[in-house]
Amino acid sequence: PEAINIQELANRMSERAVDVIRLLMKQGAMHKITDVIDADTAQLIAEELGHTVKRVAAADVEEGLFDTVDDSTDTGPRSPVVTVMGHVDHGKTSLLDALRHANVVSGEAGGITQHIGAYQVTSPESGKKITFIDTPGHAAFTAMRARGAKVTDIVVLVVAADDGVMPQTVEAIHHAKAAKVPMIVAINKIDKPDARPERVRTELLQHEVQVESLGGDVVDVEVSAKNNTNLDKLLEMIALQADLLELKTNAERPAEGTVIEAKLDRGRGPVATVLVQRGTLRVGDIVVAGAEMGRVRALISDQGDTVEEAGPSVPVEVLGFNGPPEAGDRLAVVENEARARQITSYRAHQKRENAAASISGMRGSLEQMMS
Ligand code: GTP
Ligand code: MG
């Protein structure tokens with residue numbers, strides 16, 4: 001059932017909530033500002049206040065927002081997006097750090113401390129770029145997958161050679177298989193005296209991951225993030241796999257992307273790390289993501305530089321949101337603020353309804369438990 005909160009109704013009309021309540025009172029109903037009234041009553045009130053009412057259905061609100069079905073204009077090349085997964089402490093972040101530092105040409109000592117969980121590395125061999133996403137404890141990836149977001153083209157499964165296949169390794173294998181994404185195995189910590197890469201390969205076999213040396217088609221590379229061993233080889237294997245995928249996009253259209261993470265920064269306000277997937281995101285664009293909207297005030301690259309735009313497969317920090325969106329929210333550029341407000345207020349309403357429904361559902365089960 002369509003319904004609206006009195007405050008929100010007043011906001012949308014730019015009227016005072018007390019005036020709405022007064023009109024409702026005239027019709028014989030006593031209400032508080034937080035009460036929810038049905039759509040028919042809301043329409044009556046709005047018309048009484050001299051507004052024209054246009055009711056919109058979900059399909060209309062979301063119409064044309066994501067052009068995911070029509071990919072006929074996706075003809076330009078795109079760099080692969082690689083998600084690094086694996087068991088806790090197997091060296092995902094170390095590996096990414098090593099790959100990134102191998103790439104820092106200026107050689108600045110220490111580098112910039114980045115909190116962004118996504119960055120681009122240029123393969124020294126081919127000069128091609130690869131976008132990496134780090135997954136701390138899989139939380140982000142699981143949240144994204146649960147919300148239907150597809151961000152990754154290739155999974156790099158990191159397995160520590162001294163520890164072998166562990167529960168989260170298996171979980172990562174399941175993720176990759178469910179997402180139907182090709183996987184490359186990085187057998188890490190090969191420098192350790194107790195490293196047993198051969199054991200890792202046979203353990204993987206038990207989970208239906210068959211590496212090439214055991215007759216399968218999964219590529220594995222023995223690496224050491226600590227000693228920078230075989231990092232070029234890993235990048236090369238990723239680039240080869242990416243070539244097979246023939247990833248295409250259209251950089252000319254308005255941007256679409258996915259929020260990787262978002263937070264409220266003390267100094268900068270809401271900051272969202274976004275992976276642009278199609279089109280080009282620019283400073284000044286009006287964006288929506290989940291129930292949040294904003295005008296892009298600044299874009300910060302993975303190197304910490306301020307940039308004017310970000311194209312497909314590029315991760316950027318987006319400043320200018322009114323509030324932080326959620327990981328997994330899809331980002332879209334819309335034509336104007338009115339449209340952005342329409343979409344986000346509709347979604348915010350849906351979100352509240354869902355929350356209310358789950359609370360009453362909880363109450364129901366609580367009552368069942370008591371009886
Ligand atoms: P979570 O994010 O907590 O899941 O861990 P992670 O997979 O990102 O592991 P991280 O990179 O934080 O590394 C865990 C520990 O392993 C650290 O103490 C690293 O120094 C160490 N380590 C990572 N790679 C190597 C390696 O190649 N060789 C050795 N000897 N140690 C490594
Ligand atoms: Mg980590």
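Each residue takes its place number in the sequence, starting with 1. What you are looking at is a predicted structure, and each value in this text was computed from that prediction instead of being measured.
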Going through the distances and angles, do Leu231 and Val221 end up as a side-chain contact (heavy atoms from CB on, under 4.5 Å)? CA-CA 9 Å; Leu231 301 187; Val221 186; over 6 Å; no
Could you tabulate the donor-acceptor pairs under 3.5 Å formed by side-chain atoms of residues 179-189, not counting sequence neighbours?
{"unit_1": "Asn188", "atom_1": "OD1", "unit_2": "Ala225", "atom_2": "N", "d": "3.1"}
{"unit_1": "Asn188", "atom_1": "ND2", "unit_2": "His90", "atom_2": "O", "d": "3.0"}
{"unit_1": "Lys189", "atom_1": "NZ", "unit_2": "Asp89", "atom_2": "O", "d": "2.7"}

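- For the residue pair Gln277 and Pro312, the shortest heavy atom distance occurs at O-CB, 3.8 Å.
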Under the side-chain contact (heavy atoms from CB on, under 4.5 Å) rule, what do Ile133 and Val81 come out as? Steps first, then yes or no, please. CA-CA 7 Å; Ile133 299 175; Val81 178; 3.6 Å; yes
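- Between Val155 and Ala176, the shortest heavy-atom contact is CG2-CB, 4.0 Å.
- Applying the salt bridge (Lys or Arg N to Asp or Glu O under 4.0 Å) test to every pair with at least one member in residues 27-45, sequence neighbours left out, gives these pairs: Lys32-Asp35, Asp40-Arg55.
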Run the side-chain contact (heavy atoms from CB on, under 4.5 Å) test on Leu281 and Val318 for me, step by step, so that the C-alpha distance in whole Å, both residues' side-chain angles and the decisive distance to 0.1 Å come before the verdict. CA-CA 9 Å; Leu281 184 62; Val318 178; 3.8 Å; yes
Side-chain donor-acceptor distances from residues 204-215 under 3.5 Å, at least two apart:
{"unit_1": "Gln210", "atom_1": "NE2", "unit_2": "Leu214", "atom_2": "O", "d": "3.0"}

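- Residues satisfying the side chain to side chain contact (heavy atoms under 4.5 Å, CB included) criterion with Pro324, sequence neighbours excluded, are Ala262, Leu264, Pro270.
- Enclosure of atom CZ in Arg196 is not indicated, since only 12 or fewer non-hydrogen atoms of other residues, nucleotides or ligands lie within 6.0 angstrom.
- There is no path of hydrophobic side-chain contacts, each under 4.5 Å, that joins Val53 to Val20.
- In terms of the side chain to side chain donor-acceptor pair (under 3.5 Å) criterion, Glu48 has no residue partners (sequence neighbours excluded).
- Contacts of Asp162 classified as side chain to side chain donor-acceptor pair (under 3.5 Å), with partners at least two apart in sequence or in another chain: Lys192.
- Not counting sequence neighbours, Lys233 has no partner by the salt bridge (charged side-chain N to carboxylate O under 4.0 Å, His left out) test.
- For the atom pair CE (Met13) and OG1 (Thr52), the distance works out to 11.5 Å, reported to the nearest 0.5 Å.
- By the side chain to side chain donor-acceptor pair (under 3.5 Å) test, Arg341 is found to be paired with no residue, residues two or more places apart in sequence or in another chain being considered.
- Every side chain to side chain contact (heavy atoms under 4.5 Å, CB included) that Ala310 has, sequence neighbours left out, goes to Val276, Val314, Val316.
- A salt bridge links Arg201 with Glu222: the closest approach of a Lys/Arg side-chain nitrogen to an acidic carboxylate oxygen falls below 4.0 angstrom.
- Taking Arg268 as the reference, Asp265, Glu317 meet the salt bridge (charged side-chain N to carboxylate O under 4.0 Å, His left out) condition, with sequence neighbours excluded.
- In the hydrophobic clustering of ILVMFWY residues, with side-chain heavy atoms under 4.5 Å counting as a link, Leu24 and Leu49 come out together.
- For Ala42, the side chain to side chain contact (heavy atoms under 4.5 Å, CB included) criterion is met by Ile4, Leu9, Ile37, not counting sequence neighbours.
- Summarising the local packing, CG of Asp217 is surrounded by 12 or fewer heavy atoms from other residues, nucleotides or ligands at distances under 6.0 Å.
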Working note: Arg78 + Lys248, criterion side-chain contact (heavy atoms from CB on, under 4.5 Å); need CA distance, chi angles, decisive distance, verdict. CA-CA 5 Å; Arg78 167 171 85 72; Lys248 296 276 185 255; over 6 Å; no
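- Environment of CD in Glu246: sparse, with no more than 12 heavy atoms of neighbouring residues, nucleotides or ligands closer than 6.0 Å.
- Using a cutoff of 4.0 Å between basic side-chain nitrogens and carboxylate oxygens, Arg330 and Glu256 are scored as salt-bridged.
- Considering only residues two or more places apart in sequence or on other chains, Asp19 meets the side chain to side chain donor-acceptor pair (under 3.5 Å) condition with Arg16, Arg22.
- Under the 4.5 Å side-chain heavy-atom criterion for Ile, Leu, Val, Met, Phe, Trp and Tyr, Met85 and Met166 are members of distinct hydrophobic clusters.
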Carefully, step by step, assess Lys128 and Glu236 under the rule salt bridge (charged side-chain N to carboxylate O under 4.0 Å, His left out). CA-CA 10 Å; Lys128 285 184 182 164; Glu236 196 188 314; over 6 Å; no
